Amino acid sequence: MTALSKDNIVAVIGAGAMGAGIAQVAAQAGHPVRLFDAKEGAAERGRAGILAGLDRLVERGRLDAGAREAIAGRLVVAEALDDLQGASLVIEAIIENLDVKRKVFAALEGIVGSETILATNTSSLSVTAIATGLDHPGRVAGLHFFNPAPVMKLVEIVSGLASDRGALDTLFDTALAWGKAAVRTTSTPGFIVNRVARPFYAEGLRLLEEGAADAATIDAILREAGGFRMGPFELMDLIGHDVNYAVTRSVFDAYFGDPRFRPSLTQQELVAAGWLGRKSGRGFYDYGTDAEKPAPADAPPGPRPDRVVVEGDLGPAEPLAAALQSAGIPLRREPGEGRIRIDGATLAPGDGRTATSRVAEGEAVDLVLFDLALDYASAARIAVAKADQAPAGALSAAAGLLQSIGKAVSVVDDVPGLVVLRTLAMLANEGAEAVLQRVASAADIDRAMTLGVNYPRGPLAWADAEGAARILRALEAMQAAYGDDRYRASQQLRRCVAAGRRLLPAETG
Ligand code: NAI
């Protein structure tokens with residue numbers, strides 16, 4: 001264990017949203033903390049904000065008054081950078097600007113000892129670049145907290161090209177000692193979370209732009225079928241489109257325009273309009289006082305089927321067959337390729353191709369595809385799409401079937417990959433690509449996505465559960481359908497499928 005001991009001084013530079021939160025975490029963990037901000041009065045305001053937050057915890061009985069006093073006593077405002085002398089760890093959380101950060105680090109080298117670890121909370125700059133030009137670049141590393149730092153469990157420990165192993169290990173163990181979950185990553189654009197999460201927003205935006213469904217319906221599908229806490233549009237509205245768009249742009253530019261990270265014109269327009277989301281009162285949704293959040297579009301009630309034929313194995317969607325039986329609908333099993341047949345419709349799980357192209361390739365003309373669900377047994381909603389060739393009645397029949405087992409049904413346009421499958425395929429593909437490029441381990445990627453952005457399941461473990469081969473086929477189908485390299489499958493995914501290996505090796509899962 002190489003964690004800093006509790007009597008080591010931790011200095012935090014920048015007393016804004018992140019710096020104040022980080023200072024609180026360090027002080028709560030028992031360290032003497034020095035909080036510095038270049039702006040007159042900002043550190044004092046930051047400290048007052050922390051104490052007010054602690055008071056609320058005391059009021060709610062979640063912190064005792066004595067502990068609050070002890071934390072307050074440990075948390076000291078530094079009047080000048082020179083006052084940070086004696087710190088064992090300095091965490092920088094100032095403005096996201098490379099030149100300014102470099103100047104601060106260079107100045108620090110003249111103040112603190114050569115052993116002091118210099119950590120940056122940057123979310124988009126190169127840790128390597130921040131360390132360049134210092135006398136001791138080895139002691140610089142990224143310590144990337146998530147907002148709000150006292151609440152969010154995850155910390156990414158980011159190694160720059162010159163970072164010393166010892167400094168990284170100390171940061172890792174110290175983060176654990178502070179009650180955080182630490183993951184290791186290399187200094188690459190977006191690190192783990194801000195990179196692997198990009199498709200969650202990007203595919204939502206693309207689906208909206210193509211008219212697959214409206215924002216409220218796509219959000220509901222990702223929440224109620226995908227198991228995500230929030231859908232992409234409500235989440236982008238919460239983050240703020242200025243921030244979310246800037247992150248997407250910076251990752252896109254940093255990867256030299258790779259189409260996987262291509263930003264959205266729709267989001268650019270929202271930023272141009274100043275419709276930044278909740279904070280400006282309007283984004284995809286209206287947050288005015290009288291505004292009501294639009295409801296998702298649900299399919300009208302369809303007929304309950306008299307009988308059902310299930311052909312072959314439905315794979316992860318097998319719970320649907322069990323639910324139909326529990327609902328008392330006579331069900332016959334026949335050999336086949338995983339289809340549910342009822343009067344007027346043939347239901348098949350999405351595989352990345354459109355229903356329309358599948359009918360053209362010879363499947364039943366009344367084909368209706370159903371989307372992926374995190375857990376078909378408990379999902380409250382399932383999305384469906386019908387082939388252009390299928391009669392309109394096919395949708396009503398398919399909706400009636402799913403409604404008879406208690407699901408709300410969202411009809412989406414017949415887009416490649418539907419909604420949840422497309423989102424999972426792209427998240428898992430990005431995670432696999434990050435593993436391939438040695439950005440982080442598969443286990444750390446999955447942990448980062450569940451703890452940093454609250455995904456219901458790590459994308460790699462989830463893809464394994466669905467079958468990595470199915471995820472690969474979906475990506476290949478989407479790449480073919482769109483002719484867009486955005487959907488190209490990672491070599492890591494191809495290799496795991498070819499070797500029959502899991503994306504998340506079992507021993508680390
Ligand atoms: P903020 O704008 O709330 O606070 C920045 C503070 O740094 C301000 O109080 C400012 O006066 C101070 N400052 C600016 N230049 C300074 C200098 N040269 N010396 C000392 N203090 C200086 O910014 P926020 O959101 O706290 O972000 C800080 C850093 O954390 C950035 O690098 C950002 O990319 C990163 N970050 C932000 C997250 C977020 O959700 N806001 C999440 C994770 C990382």
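Keep in mind it's a predicted model, so treat the numbers as computed, not measured. Scope of the values below: all heavy atoms of this structure, side chains included, with no hydrogens, waters or symmetry mates. Atoms within each ligand, like the ligands themselves, are counted from 1 in listed order.
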Discussion item. Using a plain distance cutoff, I'd like to know if K101 has any nitrogen or oxygen under 3.5 Å from a nitrogen or oxygen of ligand 1.
Written reply: yes

Worksheet item: Atoms of ligand 1 less than 4.0 Å from S123 heavy atoms?
Response: 33 (C), 34 (O), 35 (C), 36 (N), 44 (C)

Discussion item. Below a 4.0 angstrom heavy-atom separation, can you tell me which part of F145, side chain or backbone, both or neither, approaches ligand 1?
Written reply: backbone

Worksheet item: Are any of the N or O atoms of A17 closer than 3.5 Å to those of ligand 1?
Response: yes

Item to complete: With heavy atoms of H144 as the reference, note each atom of ligand 1 found under 4.0 Å away.
Response: 43 (C), 44 (C)

Item to complete: Would you kindly specify which portion of K103 sits under 4.0 Å from ligand 1, judged on non-hydrogen atoms: side chain, backbone, both or neither?
Response: neither

Discussion item. I'd like to check whether N121 has a polar contact with ligand 1, where a contact means an N/O of the residue lying under 3.5 Å from an N/O of the ligand.
Written reply: yes

Fill in: Contact partition for T120 relative to ligand 1, non-hydrogen atoms under 4.0 Å
neither

Item to complete: Using a 4.0 Å heavy-atom threshold (strictly under), name the region of V100 that reaches ligand 1: side chain, backbone, both or neither.
Response: side chain

Item to complete: Before signing off on this row, confirm whether A38 and ligand 1 have an N or O atom pair separated by under 3.5 Å.
Response: yes

Practice prompt. Evaluate the side-chain proximity of L118 to I130: yes if any heavy-atom separation is below 4.5 Å, no if none is.
Written response: no

Worksheet item: Does D37, backbone or side chain, put an N or O under 3.5 Å from an N or O of ligand 1?
Response: yes

Fill in: Any N/O pair E96/ligand 1 closer than 3.5 Å
yes

Practice prompt. Heavy-atom distances under 4.0 Å are what count here, so tell me which part of I13 touches ligand 1: side chain, backbone, both or neither.
Written response: side chain

